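Accompanying notes for the structure given below.
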Amino acid sequence: NIFLFLSYCNIAVFFQFPSYLQYKLGINPEWIGIVISVYSLTGLIIRPLISAVITPLNAKKIIIFSSIAVVLSLILYSFTINITGIIIVRIFHGLAYVVLGTGIMSAIVASVPPDQSGKAFGIIGIITILPFAVLPPLLKPLTSKFSFVSILIYFGLLLLIGTFLILFL
């Protein structure tokens with residue numbers, strides 16, 4: 001549950017992303033919507049392709065490798081200074097996160113008894129929405145003290161710690 005929470009925190013921190021794109025990178029506001037949507041469009045294309053190959057049997061390995069890829073993508077934002085680079089990082093980030101999310105759900109589905117599925121997915125729903133309720137109000141004060149990419153890397157490190165803990169499950 002903590003790992004699921006941390007993985008969704010890595011999406012919720014992007015509420016400050018439009019501001020970062022416009023004011024730190026100088027990206028034309030007309031392009032910001034496209035830059036943001038590339039992440040989700042990647043998921044729409046990739047998820048149907050990967051869903052058939054991610055199973056409860058390989059979910060743990062998929063989760064570990066895709067978590068590392070998500071953390072790498074978060075770090076890559078700090079080295080990307082133009083729109084082309086940001087779009088490439090967004091595609092990589094979207095791919096890594098969709099694989100991670102599919103792996104997590106595959107592992108959860110396999111571990112939940114059928115008669116507890118409603119309860120389990122109710123809890124999952126709360127865990128996945130909680131970062132979007134908690135983080136946005138904290139981001140403005142955080143970005144006044146730390147750079148946006150520093151915050152991304154911090155949350156990436158938290159995810160990496162969670163990934164390390166998964167190795168022992």
Side-chain angles (χ1 to χ4, degrees), residues 1-17 36-80 85-136 138-139 142 146 148-169:
N1 291 341
I2 298 273
F3 184 76
L4 185 62
F5 174 78
L6 290 174
S7 70
Y8 275 83
C9 284
N10 282 284
I11 298 172
V13 297
F14 278 88
F15 274 87
Q16 290 296 112
F17 193 50
I36 291 171
S37 68
V38 164
Y39 175 92
S40 298
L41 288 171
T42 301
L44 287 172
I45 295 166
I46 297 300
R47 186 158 300 200
L49 301 174
I50 62 165
S51 294
V53 296
I54 298 177
T55 69
L57 298 175
N58 65 10
K60 184 175 179 179
K61 190 181 296 184
I62 295 286
I63 291 168
I64 291 166
F65 286 115
S66 59
S67 294
I68 293 167
V70 167
V71 172
L72 178 61
S73 71
L74 294 172
I75 293 168
L76 287 173
Y77 283 99
S78 64
F79 297 105
T80 309
I86 286 287
I87 288 173
I88 292 167
V89 171
R90 294 292 287 167
I91 291 168
F92 177 64
H93 187 197
L95 171 67
Y97 193 81
V98 164
V99 172
L100 173 61
T102 305
I104 291 171
M105 287 304 154
S106 181
I108 289 172
V109 167
S111 66
V112 174
D115 64 328
Q116 295 292 311
S117 63
K119 180 180 177 183
F121 287 103
I123 292 169
I124 290 167
I126 291 169
I127 292 168
T128 59
I129 200 77
L130 189 59
F132 298 98
V134 173
L135 286 179
L138 301 175
L139 288 174
L142 282 174
F146 306 101
F148 176 72
V149 292
S150 296
I151 293 167
L152 291 182
I153 291 169
Y154 172 76
F155 279 95
L157 291 174
L158 288 176
L159 183 63
L160 203 57
I161 292 167
T163 304
F164 180 74
L165 295 174
I166 284 194
L167 290 171
F168 299 104
L169 293 178

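Keep in mind that the numbers below use all heavy atoms, side chains included, and drop hydrogens, waters and symmetry copies. Note that the coordinates shown come from a computational prediction; the quantities given were computed from them, not determined experimentally.
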Check: [Y] and [X] side chains under 4.5 Å, non-hydrogen atoms:
| X | Y | value |
| --- | --- | --- |
| Leu160 | Ile68 | yes |
| Ile161 | Leu6 | no |
| Phe3 | Ile63 | yes |

Over 12 non-hydrogen atoms of neighbours within 6.0 angstrom of [atom1] in [X]:
| X | atom1 | value |
| --- | --- | --- |
| Phe5 | CZ | yes |
| Phe132 | CZ | yes |
| Leu157 | CG | yes |
| Phe164 | CZ | no |

Considering all heavy atoms of both residues, which atom of [X] and which atom of [Y] are nearest to each other, and what is their separation?
| X | Y | value |
| --- | --- | --- |
| Ala12 | Leu139 | O-CD1, 3.5 Å |
| Gly103 | Ala59 | O-CB, 3.6 Å |
| Leu4 | Met105 | CD1-CE, 4.3 Å |
| Thr80 | Ile86 | CG2-N, 3.0 Å |
| Pro56 | Ser106 | N-OG, 3.1 Å |
| Val112 | Ala120 | CG1-CB, 3.5 Å |

Expected output: side-chain Ser78 to main-chain Ile75 donor-acceptor under 3.5 Å: yes
Side-chain donor or acceptor of Ser51 paired with backbone N/O of Arg47 under 3.5 Å: yes
Identified side chain to side chain contact (heavy atoms under 4.5 Å, CB included) counterpart of Phe92 within the set Val70, Thr42, Leu76, Ile87: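 With Phe92 as partner, Val70, Thr42, Leu76, Ile87 yield a single side chain to side chain contact (heavy atoms under 4.5 Å, CB included), made by Leu76.
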Asn10 and its side chain to side chain contact (heavy atoms under 4.5 Å, CB included) partner, picked from Leu100, Leu74, Leu152: Leu74
[X] side, atom [atom1]; [Y] side, atom [atom2] - distance, nearest 0.5 Å:
| X | Y | atom1 | atom2 | result |
| --- | --- | --- | --- | --- |
| Leu130 | Cys9 | CG | SG | 7.5 Å |
| Gln16 | Ile151 | CD | CD1 | 7.5 Å |
| Ile2 | Ile166 | CD1 | CD1 | 11.5 Å |
| Ile62 | Ile50 | CD1 | CD1 | 8.0 Å |
| Thr128 | Ile104 | OG1 | CD1 | 10.5 Å |

Geometric class of the Tyr39/Tyr97 ring pair [parallel <30°, tilted 30-60°, perpendicular >60°]: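 Tilted: the ring planes of Tyr97 and Tyr39 meet at 30° to 60°.
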Plane angle bin for Phe14 and His93 - parallel if under 30°, tilted between 30 and 60°, otherwise perpendicular: tilted
Test ring-ring contact (aromatic ring centres under 6.0 Å, His included) applied to Phe148 and Phe155, Phe17, Phe15, the passing residue: Phe17
